[in-house]
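To start, the structure under review is shown below, and the notes come after it.
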There are 2 protein chains.
Amino acid sequence: MSEQERRIPEATVARLPVYLRCLVELADERTPTISSERLADMAGVNAAKVRKDLSYLGSYGTRGVGYDVEFLLYQMSRELGLTQDWPVVVAGVGNLGQALANYGGFTDRGFPVGALVDVDPDKVGTSIAGVIVRHLDELPELVASKGIAIGIIATPPTAAQSVAEKMVEAGIGSILNFSPSVLGLDPEVSVRKVDLAVELQILSFYRRRADGPASLGPDGPQR
Amino acid sequence: MSEQERRIPEATVARLPVYLRCLVELADERTPTISSERLADMAGVNAAKVRKDLSYLGSYGTRGVGYDVEFLLYQMSRELGLTQDWPVVVAGVGNLGQALANYGGFTDRGFPVGALVDVDPDKVGTSIAGVIVRHLDELPELVASKGIAIGIIATPPTAAQSVAEKMVEAGIGSILNFSPSVLGLDPEVSVRKVDLAVELQILSFYRRRADGPASLGPDGPQR
DNA sequence: GTGGCTGTGTGCACCCGTTCACAAAGTCAC
DNA sequence: GTGACTTTGTGAACGGGTGCACACAGCCAC
């Protein structure tokens, strides 16, 4: 793989975090090297795909041996931009928002909850997981002072669009949308959507169809 | 589209729930018909894709007019298997599990929480959102008595695999996995995975890359 | 009933991603 | 150093999905 111009396909990008998690696990148990085949097993994909995916990062493997776990871990973290923390703001402190704020998994992986915002006066001022809930209107100052890069939308669907716009105005360029609504934003803003009901409906479809082919969804590695 | 043999591509299946939500919205505001173009706008995709997707369900449109909202809504619900409720069991009553149990969005869309299970004696016996938490060992009876079809895994990653296996043994054929772990199960079982940290890491990647092309993830419609 | 208009359904070409298969590169034993 | 063996990196074939472009069907006005 040439050093210049190595655009990484979207499908590969979506798998890198999965490999990353496997590598962390391997590093924890002090495994020094890993072959594409074993990594593929762990990640639930096939070996050729692993090799091609990793080759986009560079030729970091050793033929006849495999990949150095620590080294690959470092390179992949760097590529994913995980050598630094990315504070997030969660908008909407309902059931889901509170759960996300309390969910330690984000902070562990470099995405500390830097701020919580809502519009409900009863919620503003309360403290969740050590973070005080602020009013949505304070978003610009919060983003600036806490260096927030990512916005998480956990509001009701009706509020999602306007909250998203306020996030973008405040300088946020990446949004994770948990609300069941389609956002219309400047294409420059990165948006990803997680819709819990949609996932269940997809399962429902395959179940109806005499348990047809399911498992592998269109979105990266499953199982 | 011929009446026989109309296998629906996975990519289309993943979009149907999005169209469905748009149609529900349209029906609520008493819109009688909708064109592929307007539906495409609402769903955040292009019109040709909408028409091709809908054509897999049958020729339900009227040329020069569009699609009858109510009729299409019915057909799509039927195709997705949403004319009946699918009770779910949530395994793991931590932050996420509790939030899911309290989250009304599931019940509204035909996926009532039929049971909650955990292994922590402190949690078993408590009541969340009107459902009593039972021990994981009771899963087979719960599945049978409540007619549970779908299992939701909200346990720590270390427990996910064994919980998933117990679900399958208990007769569950569809699993939604929120834990950050790769499940290895009989391929006949439908599995979908939602990993919150992975989504953030993908956003992190695109942010690092000088705000390159993001937005459209590999998994169906975003924004 | 005729003509014009609107919007569906689909054939086709293209593109992205997956998988196969194999040459090249490196290790290890002796 | 040589040979056998392992595993990477990648060219090439394949397949699914997307989007264009257009023929055709149905509606409306007169």
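Order of the sequence lines fixes the chain letters, A, B, ..., with proteins taken first and strands second; residue numbering starts at 1 for each chain.
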- Item | Nearest atoms (heavy-atom pairs only) where B:Trp86 meets B:Pro112 | O-CD, 3.8 Å
Atom-pair distance ([atom1] on [X]; [atom2] on [N]), nearest Å:
X	N	atom1	atom2	result
A:Leu54	D:dG9	CG	P	8 Å
A:Tyr67	D:dT6	OH	C1'	13 Å
B:Glu37	D:dC20	CD	C1'	14 Å
B:Asp41	C:dG7	CG	P	13 Å
A:Leu72	D:dT8	CG	P	11 Å
A:Leu39	D:dT8	CG	C1'	13 Å

- Message: Under the side chain to side chain donor-acceptor pair (under 3.5 Å) definition, can you give me all pairs with a residue in residues 93-102 of chain A, not counting sequence neighbours?
- Response: none
- Message: Using the side-chain hydrogen bond (donor to acceptor under 3.5 Å, both in side chains) criterion, which residues pair with A:Glu79? Sequence neighbours excluded.
- Response: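 By the side-chain hydrogen bond (donor to acceptor under 3.5 Å, both in side chains) rule, A:Glu79 matches B:Arg209.
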Would you give me the side-chain donor-acceptor pairs under 3.5 Å for residues 36-48 of chain A, sequence neighbours excluded?
{"from": "A:Ser36", "atom 1": "OG", "to": "A:Arg51", "atom 2": "NH1", "distance (Å)": "3.1"}
{"from": "A:Asn46", "atom 1": "OD1", "to": "A:Ala48", "atom 2": "N", "distance (Å)": "3.1"}
{"from": "A:Asn46", "atom 1": "OD1", "to": "A:Lys49", "atom 2": "N", "distance (Å)": "2.9"}

- Task: Taking only the side-chain nitrogens and oxygens of A:Ser36, find out if one of them lies under 4.0 Å from OP1 or OP2 of D:dT8.
- Result: yes
Mind listing the N/O atom pairs, protein and nucleotides 17-24 of chain C, below 3.5 Å?
{"from": "C:dT18", "atom 1": "OP1", "to": "A:Arg15", "atom 2": "NH1", "distance (Å)": "2.8"}
{"from": "C:dT18", "atom 1": "OP2", "to": "A:Arg15", "atom 2": "NH2", "distance (Å)": "2.9"}
{"from": "C:dT19", "atom 1": "OP2", "to": "A:Asn46", "atom 2": "ND2", "distance (Å)": "2.8"}
{"from": "C:dT19", "atom 1": "OP2", "to": "A:Lys49", "atom 2": "NZ", "distance (Å)": "3.4"}
{"from": "C:dT19", "atom 1": "O5'", "to": "A:Asn46", "atom 2": "ND2", "distance (Å)": "3.3"}
{"from": "C:dT19", "atom 1": "O4", "to": "A:Lys52", "atom 2": "NZ", "distance (Å)": "3.1"}
{"from": "C:dA21", "atom 1": "N6", "to": "A:Arg51", "atom 2": "NH2", "distance (Å)": "3.4"}
{"from": "C:dA24", "atom 1": "N3", "to": "A:Arg63", "atom 2": "NH1", "distance (Å)": "2.7"}

- If you look only at pairs with a residue in residues 149-173 of chain B, which of them pass as a salt bridge (charged side-chain N to carboxylate O under 4.0 Å, His left out), with sequence neighbours excluded? none
Would you give me the side-chain donor-acceptor pairs under 3.5 Å for residues 69-76 of chain A, sequence neighbours excluded?
{"from": "A:Gln75", "atom 1": "OE1", "to": "A:Tyr60", "atom 2": "OH", "distance (Å)": "3.1"}
{"from": "A:Gln75", "atom 1": "OE1", "to": "A:Arg78", "atom 2": "NE", "distance (Å)": "3.3"}
{"from": "A:Gln75", "atom 1": "OE1", "to": "A:Arg78", "atom 2": "NH2", "distance (Å)": "2.7"}

